[in-house]
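Each chain gets a letter, A, B and so on, in the order its sequence line appears, and its residues count up from 1.
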Amino acid sequence: MRYSRFFLPTLREVPADAEVISHRLMLRAGMIRRVAAGIYEVLPMGLRVIRKVENIIREEMDRAGALELFMPSILPAELWQETGRWDFYGKELLRVRDRHSRDFCYGPTHEEVFTDLVRREIRSYRQLPLNLYQIQTKFRDEIRPRFGLMRGREFTMKDAYSFDRDLAGAERSYQAMHEAYTAIFARCGLRFRAVEADTGKIGGSLSHEFMVLADTGEDRVVSCAACDYAANLEMAAVAPSEARQGSGPPPDSGLDPEDVQTPGKKTVQEVCQFLGITPQELVKTIVLKGEKGPVAVLVRGDHEVNSVKVRRLVDDETLELADAETVAAVTGAPVGFAGPVGLKVPLYADNALAEMAGFVTGGNADDVHTRGVDLADFRVEAFADLREAVEGDPCPKCGGILTFLRGIEVGHIFYLGTKYSEAMGARFLDESGAERIIEMGCYGIGVGRTAAAAIEQNHDGKGIVWPLPLAPFQVVLLSLDPGKTEVHAVAERLYEELTAGGLEVLFDDREERPGVKFNDADLVGIPLRVTVGGRGVKEGVAEFKERATGEESRVPLDRVPDAVREFVRRQS
RNA sequence: CGGGAUGUGGCGCAGCCUGGUAGCGCGCAUGGUUCGGGACCAUGAGGCCGUGGGUUCAAAUCCCACCAUCCCGACCA
């Protein structure tokens with residue numbers, strides 16, 4: 001591709017509304033432009049990268065036995081009403097009406113349509129297992145779109161759905177996707193981890209997220225230094241300590257609870273400072289509220305409640321931090337003074353509480369805390385693992401030490417069970433002629449997000465540093481003297497040779513100063529730069545520079561095509 | 001939906017407080033000189049000052065409303 005004929009509008013200055021690195025660089029490198037909040041145009045340079053990601057996904061999905069098809073993006077309301085998600089999915093679902101004022105939505109995910117297709121076409125166990133996928137545009141009317149392609153409202157996603165005759169088959173399908181995903185992200189040249197994950201709104205019981213590791217990632221990932229355990233922080237189990245595992249009477253301080261005035265001291269830090277205690281001697285009481293009513297959760301002062309764990313324990317997906325009015329109604333005090341003694345709502349305590357005695361809690365009255373509290377002073381429904389893991393906690397699998405990483409969720413796989421097949425009547429006949437419900441799984445990859453994550457993970461002060469498999473071009477060939485015929489002729493010839501050899505080359509034949517070309521080449525991040533200029537040509541060489549390492553070398557002109565091919569082979 | 005902020009040529013910004021001819025840098029066009037890490041000189045094109053209302057002789061500037069965008073918070077590929 002000749003740069004002079006290409007559409008690659010690079011930006012010297014950063015548009016003010018781009019915050020994260022990948023967003024800024026995608027704009028500056030002429031990959032995308034914004035049309036509306038969370039909605040982007042993908043320019044040729046961007047598309048080339050997107051296609052690279054898509055093709056890797058396709059190859060690995062096909063290899064795993066999945067079949068590509070293409071579903072509509074506009075979906076009739078009836079399908080969504082069948083599973084109840086027309087109401088449940090909420091405002092994120094972009095709803096539209098046609099001229100007959102029939103309800104439709106722009107698909108944010110496609111379980112219903114795939115299940116509908118399968119229930120109409122699949123009759124027999126002989127037709128299973130089946131894994132169908134598509135790469136398609138989705139729309140989720142996010143509350144707050146941001147970060148460019150990282151979290152847009154419109155985005156392209158690969159979504160796959162597996163259909164199996166039984167649990168064992170579904171697990172095999174799940175495993176096959178786990179392996180395919182691992183292959184996909186490895187082939188993209190990314191550093192990533194597969195982590196245990198919450199199933200969230202999609203539902204189901206088994207789930208892994210694929211996280212591209214980057215300091216700028218929004219998700220926190222817990223990883224064991226000693227074994228292969230890795231989990232999303234919201235899932236990371238905290239093993240009860242040994243003391244807890246031994247039975248015996250709960251510890252007792254022998255003290256009686258005693259109220260103390262703590263005027264205006266609401267936070268753990270303030271209370272500790274005021275009373276001269278450490279957070280480990282204090283118990284936080286957190287009020288949560290869901291469709292089943294409010295509950296209170298007790299955690300040690302230096303720990304944080306993990307609401308995903310509480311939701312699972314209480315079996316209430318809608319549970320959220322209660323608002324100030326609810327807290328006041330439940331505790332009789334403003335936020336900051338809740339305590340377990342005398343509370344009328346169900347109390348759940350984190351395992352760490354089981355070893356505590358004589359601790360400080362809120363006093364359920366304005367400006368009052370209570371000290372000398374023991375477990376015997378109130379009634380707990382259950383002790384459980386309810387807190388967030390912290391760095392240094394023991395690994396729940398091997399006892400090793402947990403470390404924290406930051407990641408960007410680029411893929412998510414779920415075992416769905418029969419949630420959708422049952423609601424929509426997707427059944428088949430087994431060998432014995434008995435009617436059975438299809439077991440399902442679903443598997444997503446954010447295509448644009450994968451490209452963005454690759455940038456978050458691979459960039460420097462000058463721009464993008466593409467891993468070769470995702471790079472829009474493999475080589476950028478700079479002609480430093482496009483006007484001077486002898487030198488430029490050499491560049492032209494090299495361009496022909498490289499292109500003829502099947503390489504993807506961007507040929508910078510523009511009438512620009514060298515500095516402009518160098519900087520643009522660095523910005524757009526093409527892995528190998530080949531410079532043809534007066535100096536080198538005089539000596540019969542072209543200059544190679546690797547974007548990632550900065551390593552430079554001089555290559556005789558007649559060896560250039562081979563050397564480039566060698567580079568490409570080495571990198572892929 | 002809360003909290004914070006911003007809307008001025010394509011991009012980045014100043015001007016607004018203290019109303020009175022719309023400016024700077026980059027980019028773009030033309031000509032010339034340059035030419036190995038974002039050149040220089042000259043000339044030029046390009047702006048409903050987010051939208052609507054109001055105050056005023058006069059509004060980018062003051063007031064009100066709306067819209068849009070961005071940032072911080074509640075489980076998303």
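We find that CZ of A:Arg34 is positioned 6 Å from P of B:U69, with the value rounded to whole Å. Atom CG of A:Leu11 and atom P of B:G27 are 12 Å apart (whole Å). Between the CZ atom of A:Phe147 and the C1' atom of B:U69 there is a distance of 15 Å, rounded to whole Å. Separating the CG atom of A:Leu43 from the C1' atom of B:G10 is a distance of 14 Å, rounded to the nearest angstrom. B:C11 atom C1' lies 13 Å from atom CZ of A:Arg24, rounded to whole Å. Here the C1' atom of nucleotide B:C76 and the CG atom of A:Leu233 are 16 Å apart, to the nearest Å. The distance between atom CD of A:Glu511 and atom P of B:G32, rounded to the nearest whole Å, is 13 Å. Here B:C70 presents its P atom at 6 Å from CG of A:Asp17, a figure rounded to the nearest Å.
Within 3.5 Å, a donor on the side chain of A:Glu13 pairs with an acceptor on the base of B:G25, or the reverse. On a pure distance criterion of 3.5 Å, a polar donor-acceptor pair joins the side chain of A:Asp522 and the base of B:G37. Residue-to-nucleotide contacts include a donor-acceptor pair under 3.5 Å from the side chain of A:Arg151 to the base of B:C76. Put simply, the side chain of A:Arg529 and the base of B:G37 share a donor and an acceptor less than 3.5 Å apart.
Taking atom P on both B:G19 and B:C57, the two are 15 Å apart, rounded to the nearest angstrom. For the P atom pair drawn from B:G10 and B:C72, the interatomic distance equals 28 Å after rounding to whole Å. Nucleotides B:C11 and B:U69 have their C1' atoms positioned 16 Å apart, rounded to a whole Å. On the C1' atoms, B:U55 is 7 Å away from B:C63, given to the nearest whole Å. The gap from the P atom of B:G15 to that of B:G7 amounts to 10 Å, rounded to the nearest Å. B:G27 sits 30 Å from B:A60 when the P atoms are compared, rounded to a whole Å.
Relative to the six-membered ring of A:Tyr3, A:Arg510 meets both conditions, a distance below 6.0 Å and an angle of at most 45° to the axis. Remark: A:Arg95 is not positioned above the aromatic ring of A:Trp80, lacking an NZ or CZ atom under 6.0 angstrom from the ring centre and at most 45 degrees off the axis. Geometrically, A:Arg529 does not engage A:Phe544 in a cation-pi contact, judged by NZ or CZ lying under 6.0 Å from the ring centre and within 45° of the ring axis.
Within 4.0 Å of A:Val14, counting heavy atoms only, lie sugar-phosphate atoms of the nucleic acid but no base atom. At a threshold of 4.0 angstrom between heavy atoms, the contacts of A:Arg146 are confined to the sugar-phosphate backbone, with no base atom among them. When heavy atoms are screened at a 4.0 angstrom cut-off, A:Gly515 is found touching the sugar-phosphate backbone but no base atom. As judged by a 4.0 angstrom heavy-atom cut-off over every strand, A:Lys309 is placed among residues making no nucleic acid contact. Using a 4.0 Å heavy-atom cutoff across all strands shown, A:Gly448 reaches no nucleic acid atom at all. Counting any heavy atom pair closer than 4.0 Å across all strands shown, A:Asp219 reaches a base atom. Within 4.0 Å (heavy atoms only), A:Gly483 reaches no atom of the nucleic acid at all. Residue contacts for A:Arg28: at a heavy-atom cut-off of 4.0 Å it reaches a base atom on one of the strands shown. If you check every strand for non-hydrogen atoms under 4.0 Å, A:Glu19 touches sugar and phosphate atoms only. Using a 4.0 Å heavy-atom criterion, one finds that A:Glu543 contacts the bases of the nucleic acid, with or without backbone contacts as well. Using a 4.0 Å heavy-atom cutoff across all strands shown, A:Asp520 reaches at least one base atom of the nucleic acid. Nucleic acid contact class of A:Val410 (heavy atoms, under 4.0 Å, all strands): sugar-phosphate only. Counting any heavy atom pair closer than 4.0 Å across all strands shown, A:Gly411 reaches sugar-phosphate atoms only and no base atom.
For A:Tyr415 and A:Tyr174, the ring centers sit 6.0 Å or farther from each other. Remark: aromatic rings of A:Tyr40 and A:His23 are close, center separation under 6.0 Å.
When only modelled atom types and interatomic distance are considered, A:His412 and A:Glu409 share a side-chain donor-acceptor pair under 3.5 Å. For the residue pair A:Asn232/A:Glu209, the side-chain donor-acceptor check at 3.5 Å is satisfied.
Pairing for B:C62 goes to B:G54, judged as Watson-Crick or G-U wobble with the two contacts each under 3.5 Å. B:C13 and B:G23 make up a base pair, with Watson-Crick or G-U wobble contacts both under 3.5 Å. Under the Watson-Crick and G-U wobble criteria, each requiring two contacts below 3.5 Å, nucleotide B:U30 is paired to B:A42.
The pair A:Lys91-A:Asp141 does not count as a salt bridge, with every side-chain nitrogen at least 4.0 angstrom from each carboxylate oxygen.
Residue A:Arg513 has no polar side-chain atom (N or O) positioned under 4.0 Å from OP1 or OP2 of B:G37.
Mapping A:Glu209 and A:Gly38 onto RNA chain B by nearest heavy atom places A:Gly38 at the nucleotide closer to the 5' end. The residue among A:Glu154 and A:Ala36 whose nearest nucleotide of RNA chain B lies closer to the 5′ end is A:Ala36.
Among the nucleotides B:C26, B:U69, B:C71, the one closest to any side-chain atom of A:Arg144 is B:C71. Residue A:Pro514 places its side chain closer to B:G36 than to any other of B:C70, B:G36, B:G12. Considering only the side chain of A:Arg140, B:C76 comes nearest among B:G12, B:G38, B:C76.
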